[in-house]
Amino acid sequence: AQTVTQSQPEMSVQEAETVTLSCTYDTSESNYYLFWYKQPPSRQMILVIRQEAYKQQNATENRFSVNFQKAAKSFSLKISDSQLGDTAMYFCAFIDNAGNMLTFGGGTRLMVKP
Amino acid sequence: NAGVTQTPKFHILKIGQSMTLQCTQDMNHNYMYWYRQDPGMGLKLIYYSVGAGITDKGEVPNGYNVSRSTTEDFPLRLELAAPSQTSVYFCASSPRHTNTEAFFGQGTRLTVV
(Lines give C-alpha, C1' and ligand atoms only; values in the text may rest on other atoms or scores of the structure.)
Protein backbone atom coordinates (compact mmCIF):
# COMPACT_ATOMS: atom_id res chain seq x y z
CA ALA A 1 0.00 0.00 0.00
CA GLN A 2 1.19 3.48 -0.73
CA THR A 3 1.94 5.97 2.02
CA VAL A 4 2.30 9.73 1.92
CA THR A 5 4.33 11.60 4.54
CA GLN A 6 4.41 15.30 5.28
CA SER A 7 7.11 15.89 7.86
CA GLN A 8 6.31 19.54 8.68
CA PRO A 9 3.15 19.80 10.83
CA GLU A 10 3.33 23.60 10.89
CA MET A 11 5.17 26.32 9.02
CA SER A 12 5.06 30.08 8.89
CA VAL A 13 6.27 32.60 6.32
CA GLN A 14 6.28 36.37 5.99
CA GLU A 15 4.02 37.87 3.37
CA ALA A 16 5.74 38.18 -0.03
CA GLU A 17 8.39 35.59 0.85
CA THR A 18 8.81 32.08 -0.49
CA VAL A 19 8.09 28.87 1.39
CA THR A 20 8.53 25.20 0.51
CA LEU A 21 6.36 22.39 1.89
CA SER A 22 7.75 18.85 1.84
CA CYS A 23 6.10 15.59 0.86
CA THR A 24 7.50 12.12 0.41
CA TYR A 25 5.67 9.02 -0.70
CA ASP A 26 6.26 5.32 -0.96
CA THR A 27 5.13 3.18 -3.86
CA SER A 28 6.33 0.33 -6.02
CA GLU A 29 4.42 1.62 -9.02
CA SER A 30 6.12 3.50 -11.84
CA ASN A 31 3.13 5.43 -13.13
CA TYR A 32 1.15 7.58 -10.74
CA TYR A 33 -0.16 11.05 -10.03
CA LEU A 34 0.56 13.50 -7.26
CA PHE A 35 -1.50 16.43 -6.03
CA TRP A 36 -1.35 19.30 -3.60
CA TYR A 37 -4.65 20.35 -2.04
CA LYS A 38 -5.31 23.46 0.01
CA GLN A 39 -7.83 23.48 2.87
CA PRO A 40 -8.59 26.99 4.18
CA PRO A 41 -10.55 27.53 7.42
CA SER A 42 -13.75 27.14 5.41
CA ARG A 43 -12.88 23.39 5.24
CA GLN A 44 -13.26 23.29 1.48
CA MET A 45 -10.66 21.17 -0.33
CA ILE A 46 -9.14 23.03 -3.28
CA LEU A 47 -6.76 21.55 -5.83
CA VAL A 48 -3.57 23.62 -6.04
CA ILE A 49 -1.43 21.68 -8.49
CA ARG A 50 -0.98 18.21 -9.98
CA GLN A 51 2.00 16.26 -11.33
CA GLU A 52 2.07 13.17 -13.52
CA ALA A 53 4.97 10.88 -12.68
CA TYR A 54 5.88 10.15 -16.28
CA LYS A 55 6.41 13.86 -16.95
CA GLN A 56 9.87 15.00 -15.97
CA GLN A 57 8.98 18.68 -16.15
CA ASN A 58 7.87 20.15 -12.86
CA ALA A 59 4.31 21.48 -12.80
CA THR A 60 3.70 25.20 -12.29
CA GLU A 61 0.51 27.13 -11.57
CA ASN A 62 1.10 30.87 -11.17
CA ARG A 63 2.83 31.32 -7.78
CA PHE A 64 2.78 27.59 -7.05
CA SER A 65 5.37 25.15 -8.37
CA VAL A 66 6.58 21.71 -7.45
CA ASN A 67 9.96 20.03 -7.22
CA PHE A 68 9.30 16.46 -8.27
CA GLN A 69 12.17 14.06 -7.61
CA LYS A 70 10.96 10.65 -8.76
CA ALA A 71 14.00 8.65 -7.69
CA ALA A 72 13.84 10.15 -4.21
CA LYS A 73 10.03 9.86 -4.14
CA SER A 74 9.78 13.49 -3.15
CA PHE A 75 7.17 16.05 -4.18
CA SER A 76 7.61 19.45 -2.56
CA LEU A 77 5.43 22.52 -3.09
CA LYS A 78 6.95 25.97 -3.44
CA ILE A 79 4.79 29.02 -2.86
CA SER A 80 6.32 32.25 -4.14
CA ASP A 81 5.28 35.76 -3.13
CA SER A 82 3.19 34.35 -0.26
CA GLN A 83 -0.13 36.06 0.36
CA LEU A 84 -2.31 36.20 3.46
CA GLY A 85 -4.91 34.15 1.59
CA ASP A 86 -2.42 31.29 1.34
CA THR A 87 -2.92 30.61 5.06
CA ALA A 88 -4.39 27.09 5.14
CA MET A 89 -3.72 23.42 5.64
CA TYR A 90 -1.90 21.88 2.68
CA PHE A 91 -2.23 18.21 1.84
CA CYS A 92 -0.12 16.13 -0.49
CA ALA A 93 -2.02 13.28 -2.19
CA PHE A 94 -1.12 10.28 -4.34
CA ILE A 95 -2.90 7.89 -6.65
CA ASP A 96 -1.46 5.27 -8.99
CA ASN A 97 -2.80 3.71 -12.15
CA ALA A 98 -3.06 0.28 -10.57
CA GLY A 99 -5.22 1.25 -7.63
CA ASN A 100 -8.27 3.30 -6.88
CA MET A 101 -7.36 4.83 -3.55
CA LEU A 102 -6.52 8.51 -3.41
CA THR A 103 -4.18 8.67 -0.38
CA PHE A 104 -3.44 11.84 1.59
CA GLY A 105 -0.57 12.90 3.81
CA GLY A 106 -1.10 14.25 7.32
CA GLY A 107 -1.01 17.87 6.20
CA THR A 108 1.07 20.98 6.87
CA ARG A 109 -0.52 24.00 8.50
CA LEU A 110 0.85 27.15 6.82
CA MET A 111 0.53 30.57 8.39
CA VAL A 112 1.36 33.62 6.31
CA LYS A 113 2.23 36.58 8.54
CA PRO A 114 1.77 40.23 7.55
CA ASN B 1 -23.99 22.86 -11.20
CA ALA B 2 -24.10 21.85 -7.52
CA GLY B 3 -21.05 19.53 -7.59
CA VAL B 4 -20.80 17.30 -4.51
CA THR B 5 -23.47 17.88 -1.87
CA GLN B 6 -23.26 16.47 1.65
CA THR B 7 -25.99 16.50 4.25
CA PRO B 8 -26.18 17.26 7.09
CA LYS B 9 -23.44 19.86 7.69
CA PHE B 10 -23.44 19.28 11.43
CA HIS B 11 -24.87 16.55 13.65
CA ILE B 12 -24.68 15.38 17.23
CA LEU B 13 -25.23 11.67 17.76
CA LYS B 14 -25.54 9.72 20.97
CA ILE B 15 -23.37 6.69 21.65
CA GLY B 16 -24.98 3.58 20.19
CA GLN B 17 -27.21 5.44 17.76
CA SER B 18 -27.01 4.99 14.01
CA MET B 19 -27.21 7.49 11.19
CA THR B 20 -26.58 7.93 7.49
CA LEU B 21 -24.48 10.70 5.99
CA GLN B 22 -25.75 11.58 2.55
CA CYS B 23 -23.58 12.38 -0.47
CA THR B 24 -24.82 13.25 -3.95
CA GLN B 25 -22.94 14.40 -7.01
CA ASP B 26 -24.41 15.71 -10.27
CA MET B 27 -21.29 15.45 -12.43
CA ASN B 28 -21.83 11.83 -13.55
CA HIS B 29 -18.56 10.80 -11.91
CA ASN B 30 -17.80 7.12 -11.60
CA TYR B 31 -15.45 7.34 -8.63
CA MET B 32 -16.67 8.38 -5.20
CA TYR B 33 -14.88 8.42 -1.84
CA TRP B 34 -15.60 8.86 1.84
CA TYR B 35 -12.89 10.29 4.09
CA ARG B 36 -12.71 11.24 7.73
CA GLN B 37 -10.56 14.04 9.05
CA ASP B 38 -9.76 14.12 12.76
CA PRO B 39 -8.74 17.47 14.29
CA GLY B 40 -5.40 18.68 12.96
CA MET B 41 -4.92 15.52 10.95
CA GLY B 42 -5.01 14.40 7.34
CA LEU B 43 -7.78 12.61 5.50
CA LYS B 44 -8.17 8.88 5.97
CA LEU B 45 -10.09 6.87 3.39
CA ILE B 46 -13.07 4.96 4.79
CA TYR B 47 -14.68 3.49 1.67
CA TYR B 48 -14.64 4.14 -2.03
CA SER B 49 -16.62 3.17 -5.11
CA VAL B 50 -15.60 2.89 -8.75
CA GLY B 51 -19.15 2.77 -10.05
CA ALA B 52 -22.74 1.91 -9.25
CA GLY B 53 -22.95 -1.42 -7.44
CA ILE B 54 -19.22 -1.55 -6.62
CA THR B 55 -17.72 -0.55 -3.29
CA ASP B 56 -14.49 -1.35 -1.50
CA LYS B 57 -12.84 -0.71 1.86
CA GLY B 58 -10.27 1.98 2.45
CA GLU B 59 -7.88 2.41 5.38
CA VAL B 60 -10.41 2.76 8.21
CA PRO B 61 -13.68 0.98 7.30
CA ASN B 62 -14.57 -0.46 10.73
CA GLY B 63 -17.84 0.86 12.10
CA TYR B 64 -19.06 2.07 8.70
CA ASN B 65 -21.00 0.76 5.73
CA VAL B 66 -21.69 2.14 2.29
CA SER B 67 -23.85 1.41 -0.72
CA ARG B 68 -23.83 2.69 -4.30
CA SER B 69 -27.13 1.92 -5.95
CA THR B 70 -26.88 4.85 -8.37
CA THR B 71 -24.04 6.83 -9.95
CA GLU B 72 -25.15 9.97 -8.11
CA ASP B 73 -25.49 8.77 -4.52
CA PHE B 74 -22.98 7.30 -2.10
CA PRO B 75 -24.38 7.27 1.47
CA LEU B 76 -22.23 6.41 4.48
CA ARG B 77 -23.89 4.50 7.31
CA LEU B 78 -22.65 4.61 10.91
CA GLU B 79 -23.90 1.74 13.02
CA LEU B 80 -23.65 1.87 16.83
CA ALA B 81 -21.87 5.20 16.95
CA ALA B 82 -18.83 5.51 19.23
CA PRO B 83 -16.95 8.62 20.48
CA SER B 84 -14.00 7.59 18.28
CA GLN B 85 -16.17 8.37 15.26
CA THR B 86 -16.30 12.05 16.18
CA SER B 87 -14.74 13.64 13.12
CA VAL B 88 -15.35 15.68 9.99
CA TYR B 89 -16.48 13.50 7.11
CA PHE B 90 -15.80 14.40 3.49
CA CYS B 91 -17.32 12.90 0.40
CA ALA B 92 -15.49 13.31 -2.91
CA SER B 93 -15.96 12.27 -6.52
CA SER B 94 -13.85 12.15 -9.67
CA PRO B 95 -14.53 11.16 -13.28
CA ARG B 96 -11.64 8.73 -13.29
CA HIS B 97 -8.99 7.94 -10.79
CA THR B 98 -5.84 9.10 -12.47
CA ASN B 99 -4.87 12.57 -13.48
CA THR B 100 -8.10 14.36 -12.73
CA GLU B 101 -8.76 16.09 -9.48
CA ALA B 102 -11.24 14.88 -6.91
CA PHE B 103 -14.11 17.24 -6.13
CA PHE B 104 -15.03 17.49 -2.47
CA GLY B 105 -18.20 18.24 -0.59
CA GLN B 106 -18.22 20.78 2.23
CA GLY B 107 -17.94 18.15 4.91
CA THR B 108 -20.12 16.93 7.77
CA ARG B 109 -18.98 17.67 11.31
CA LEU B 110 -20.18 14.76 13.44
CA THR B 111 -19.95 14.64 17.23
CA VAL B 112 -20.72 11.45 19.14
CA VAL B 113 -21.53 12.03 22.81
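Just so it is clear: chains get the letters A, B, ... in the order the sequence lines come, proteins before strands, and each one is counted from 1.
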Original post:
When hydrophobic residues are tied together by side-chain contacts of less than 4.5 Å, even through go-betweens, does A/I95 share a cluster with B/Y31?
Top reply: yes

**OP:** Anything in residues 104-114 of chain A with a heavy-atom distance to chain B below 4.5 Å? Please list those residues in order.
**Re:** A/F104, A/G105, A/G106, A/R109

Subject >> Residues of residues 105-113 of chain B contacting chain A, heavy-atom criterion under 4.5 Å, by residue number >> reply: B/Q106, B/G107, B/T108, B/R109

Original post:
If you count the non-hydrogen atoms of other residues, nucleotides and ligands that lie under 6.0 Å from NZ in A/K70, is the total more than 12?
Top reply: yes

Original post:
Hey, which of A/M89, A/Q51, A/Q6, A/M45 has the most heavy atom pairs under 4.5 Å with chain B?
Top reply: A/M45

Subject >> Interface residues of residues 8-15 of chain B facing chain A - non-hydrogen atoms under 4.5 Å apart >> reply: B/K9, B/F10

Subject >> Toward chain B, the part of A/Y32 with a non-hydrogen atom under 4.5 Å >> reply: neither

**OP:** State yes or no: do B/L45 and A/L47 share one hydrophobic cluster built from I, L, V, M, F, W and Y residues joined by side-chain heavy-atom distances below 4.5 Å, directly or via other members?
**Re:** yes

Subject >> Heavy-atom contact with chain A under 4.5 Å, split by part of B/F103 >> reply: neither

Subject >> Heavy-atom contacts under 4.5 Å, residues 70-89 of chain B to chain A >> reply: B/V88

Subject >> Atom CE of A/M11: over 12 foreign heavy atoms under 6.0 Å >> reply: yes

Original post:
Under a single-linkage definition using a 4.5 Å side-chain heavy-atom cutoff for Ile, Leu, Val, Met, Phe, Trp and Tyr, are A/V66 and A/F64 assigned to the same hydrophobic cluster?
Top reply: yes

**OP:** Check whether any side-chain N or O of B/Y48 sits under 3.5 Å from a backbone N or O of A/L102 as a donor-acceptor pair, and report yes or no.
**Re:** no

Original post:
Taking C-beta and beyond as the side chain, do A/Q39 and B/F104 meet within less than 4.5 Å on heavy atoms?
Top reply: no

Subject >> Transitive ILVMFWY side-chain link A/F91 to B/Y35, under 4.5 Å >> reply: yes

Original post:
NZ of A/K73: more than 12 outside heavy atoms within 6.0 angstrom?
Top reply: yes

Subject >> Same apolar cluster: B/Y64 and B/Y33, side chain cutoff 4.5 Å >> reply: no

